[in-house]
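Reviewing the structure listed below.
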Amino acid sequence: MAVRLCDVASLLRSGSWATEPWTGQVIAAMETQLSNGPTCNNTSNGPSTISNNCSSPVESGSMEDSKTNLIVNYLPQNMTQEELKSLFGSIGEIESCKLVRDKITGQSLGYGFVNYVDPKDAEKAINTLNGLRLQTKTIKVSYARPSSASIRDANLYVSGLPKTMTQKELEQLFSQYGRIITSRILVDQVTGVSRGVGFIRFDRRIEAEEAIKGLNGQKPPGATEPITVKFANNPSQKTSQALLSQLYQSPNRRLDNLLNMAYGVKSRFSPMAIDGVTSLAGINIPGHAGTGWCIFVYNLAPDADESILWQMFGPFGAVTNVKVIRDFNTNKCKGFGFVTMTNYDEAAMAIASLNGYRLGDRVLQVSFKTNKTHKA
DNA sequence: TCCTATT
C-alpha cells in the first residue's frame with residue numbers, strides 16, 4: 001500500500017523542474033515517509049519523543065483510557081476539520097471529529113481529535129496514518145489521553161543548554177521528574193546546530209512544576225553554564241503581528257492571484273466567493289468544481305483504496321477529498337477515482353508529477369476532471 | 001528566549 005511511492009521520488013528527481021527548491025521538499029517528504037513508514041517519532045518538523053510513549057496510555061489511567069479516541073498532531077495549518085474527517089474516515093466509521101482552533105482567530109492550532117466507532121479502526125489509523133507526510137508536516141497519530149485539567153500547561157521552555165546536548169540527553173535530564181510527552185531542541189535552520197533552547201512537554205503540569213524547581217538555574221552534568229527552565233509561552237499569547245502574518249499567508253491568496261492572472265477574475269479569499277464569481281462570470285475551468293479542483297485518476301488496480309490516493313496526492317498540498325469508485329456488487333475498484341485539492345498550483349503540480357506514474361504494473365493517467373456529461 | 005499535544 002505504501003509501496004512504490006519511492007518511484008515517484010526518482011521520477012520527480014529526473015524531471016525538469018526537480019531542481020526547484022520546493023520540489024526538493026516534496027521529494028524529501030516522500031522519501032522520509034516511504035523509507036521510514038509511519039513512525040512514532042517524527043522527522044524534521046515536529047518535536048518528538050525518544051521514549052516509547054507515542055501512543056501508550058498513562059499507566060495510572062487504566063480502564064478510563066479510550067481505545068477509540070485519537071489525537072492527531074502536526075496537521076498542516078490550512079487543513080480543515082472536513083479534510084481531517086475525510087482523511088481518517090478512509091479508515092473506518094468516525095463517531096466524532098474535531099479540529100482544534102484558536103478561540104479568537106479561528107485558525108487551526110494544528111491538532112485535532114478523531115473518535116472512531118470501532119477500536120480496531122483507531123488502531124488501524126495509528127498504524128497507517130501516523131507518520132503520513134502532508135505538505136511540510138509529518139502528522140502524528142496516537143491515542144488521546146483522557147482529557148483533564150492536570151495535563152494542561154505542562155510544556156516547558158528550556159534555554160541555556162549546552163550546544164552539544166542531544167535531545168536524548170535533554171530527555172534523560174528531565175525524565176526524573178515525570179513522563180515526557182514530547183521534547184525538542186531548536187536548531188539553526190542553516191547550520192543545523194543547536195540553538196541551546198528547547199521544549200519539554202510533560203504528561204502532567206505538576207511534573208513540569210517539579211522539573212522547574214529541580215532544574216531551573218542548575219548546571220546539567222558537565223555543563224559550564226546553568227540552564228533556565230520555565231513554562232513555555234501559551235499559544236494564545238501570540239502577538240497580533242504573528243496572527244496577521246498568518247492570515248496574510250492564507251493559501252487562498254495564491255489561488256486568488258492565479259485566477260486573477262489567468263482569467264482576470266477578481267475574487268475574495270474564500271473558495272465560496274471564488275466559486276460564486278467564476279460561475280457568475282460563466283467561466284468554465286477544467287476540474288474546478290464546488291470546493292476545489294477535482295482530479296481524475298485513471299487505471300487504479302481493483303484493490304486500490306482511498307489511502308493510496310491520500311499518500312500520492314497529500315505531499316503536493318491541501319487535499320480535501322479522495323474517492324475510489326467501486327463496483328456496487330464486488331466492491332472492487334472500477335479502475336478510477338477522484339481527488340479534490342484546494343489550490344490550483346498544488347493540483348497542477350500533482351498532476352504533472354503523477355500522470356504517467358507507474359503504480360504496481362499500471363501506468364496511471366492523472367488529469368483535471370472534465371465535465372463530459374454537461375456540455376455547455 | 002519560543003516548537004505549537006487535550007476537545
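Quick caveat: nothing in here was measured; it's all calculated off a predicted structure. Quick note on labels: first sequence line is chain A, next is B, and so on, each numbered from 1.
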Among the candidates [options], find the nucleotide nearest to the side-chain atoms of [X].
{"X": "A/Ser159", "options": "B/dT7, B/dT1, B/dA5", "result": "B/dT1"}
{"X": "A/Ala232", "options": "B/dC2, B/dA5, B/dT7", "result": "B/dC2"}
{"X": "A/Leu186", "options": "B/dA5, B/dT7, B/dC3", "result": "B/dC3"}
{"X": "A/Asn233", "options": "B/dC2, B/dA5, B/dT7", "result": "B/dC2"}
{"X": "A/Tyr74", "options": "B/dA5, B/dT7, B/dC3", "result": "B/dA5"}
{"X": "A/Lys230", "options": "B/dA5, B/dT1, B/dT4", "result": "B/dT1"}
{"X": "A/Tyr157", "options": "B/dC3, B/dA5, B/dT1", "result": "B/dT1"}

Output the rounded distance in Å from [atom1] ([X]) to [atom2] ([N]).
{"X": "A/Asp188", "N": "B/dC2", "atom1": "CG", "atom2": "P", "answer": "13 Å"}
{"X": "A/Asp102", "N": "B/dA5", "atom1": "CG", "atom2": "P", "answer": "14 Å"}
{"X": "A/Phe231", "N": "B/dT4", "atom1": "CZ", "atom2": "P", "answer": "20 Å"}
{"X": "A/Ile180", "N": "B/dA5", "atom1": "CD1", "atom2": "C1'", "answer": "15 Å"}
{"X": "A/Asp65", "N": "B/dT6", "atom1": "CG", "atom2": "P", "answer": "16 Å"}
{"X": "A/Glu171", "N": "B/dC3", "atom1": "CD", "atom2": "C1'", "answer": "14 Å"}
{"X": "A/Leu84", "N": "B/dT7", "atom1": "CG", "atom2": "C1'", "answer": "12 Å"}
{"X": "A/Glu95", "N": "B/dT7", "atom1": "CD", "atom2": "P", "answer": "17 Å"}

When you measure only distances, ignoring hydrogens and angles, does the side chain of A/Asn69 come within 3.5 Å of the base of B/dT7 through a donor and an acceptor?
yes
Taking atom types as they are modelled, would you say the side chain of A/Arg145 forms a donor-acceptor pair with the base of B/dT6 within the 3.5 Å cutoff?
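Indeed, a donor on one side and an acceptor on the other fall under 3.5 Å apart.
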Sequence neighbours excluded - side-chain hydrogen bond (donor to acceptor under 3.5 Å, both in side chains) pairs with any residue from residues 213-222 of chain A
A/Glu210-A/Lys213
Which pairs count as side-chain hydrogen bond (donor to acceptor under 3.5 Å, both in side chains) when at least one residue sits in residues 111-126 of chain A, sequence neighbours excluded?
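Listed once each, the pairs are A/Thr68-A/Asn115, A/Glu95-A/Asn115.
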Determine the contact category for A/Tyr111: base if any of its heavy atoms lies under 4.0 Å from a base atom, sugar-phosphate if only primed atoms, P, OP1 or OP2 are that close, otherwise nothing.
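If one applies the 4.0 Å heavy-atom cut-off, A/Tyr111 turns out to touch the sugar-phosphate alone, with no base involved.
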Please classify the nucleic acid contact of A/Ile151 as base, sugar-phosphate, or nothing, using heavy-atom distances under 4.0 Å.
base
For DNA chain B, which residues of residues 193-202 of chain A approach it to below 4.0 angstrom with any heavy atom?
A/Arg195, A/Phe199, A/Arg201
Could you go through residues 321-329 of chain A and list every donor-acceptor pair under 3.5 Å that involves a side-chain atom there, pairing it with any protein atom two or more places apart or in another chain?
| unit_1 | atom_1 | unit_2 | atom_2 | d |
| --- | --- | --- | --- | --- |
| A/Asn321 | OD1 | A/Ser86 | OG | 3.1 |
| A/Arg326 | NH1 | A/Glu306 | OE1 | 3.3 |
| A/Arg326 | NH1 | A/Glu306 | OE2 | 3.3 |
| A/Arg326 | NH2 | A/Glu306 | OE1 | 3.1 |
| A/Asp327 | OD1 | A/Asn329 | N | 2.7 |
| A/Asp327 | OD1 | A/Thr330 | N | 2.9 |
| A/Asp327 | OD1 | A/Thr330 | OG1 | 3.4 |

If hydrophobic clusters are built by linking Ile, Leu, Val, Met, Phe, Trp and Tyr wherever their side-chain heavy atoms come under 4.5 Å apart, do A/Trp310 and A/Tyr298 end up in the same one?
no
Run through the side-chain heavy atoms of Ile, Leu, Val, Met, Phe, Trp and Tyr, join any pair under 4.5 Å, and report what else lands in A/Val117's cluster.
none
Which hydrophobic side chains are connected to A/Leu186, either touching it within the sub-4.5 Å cutoff or through other members that do?
A/Tyr157, A/Val197, A/Phe199
Would you say the side chains of A/Arg101 and A/Ser108 form a donor-acceptor pair under 3.5 Å?
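No, no side-chain donor-acceptor pair sits under 3.5 Å.
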Any side-chain N or O of A/Ser147 below 4.0 angstrom from OP1/OP2 of B/dT7?
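For A/Ser147, the contact criterion (side-chain N or O under 4.0 Å from OP1 or OP2 of B/dT7) is met.
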How are the rings of A/Phe368 and A/Trp293 set to each other: parallel, tilted or perpendicular (split at 30° and 60°)?
tilted
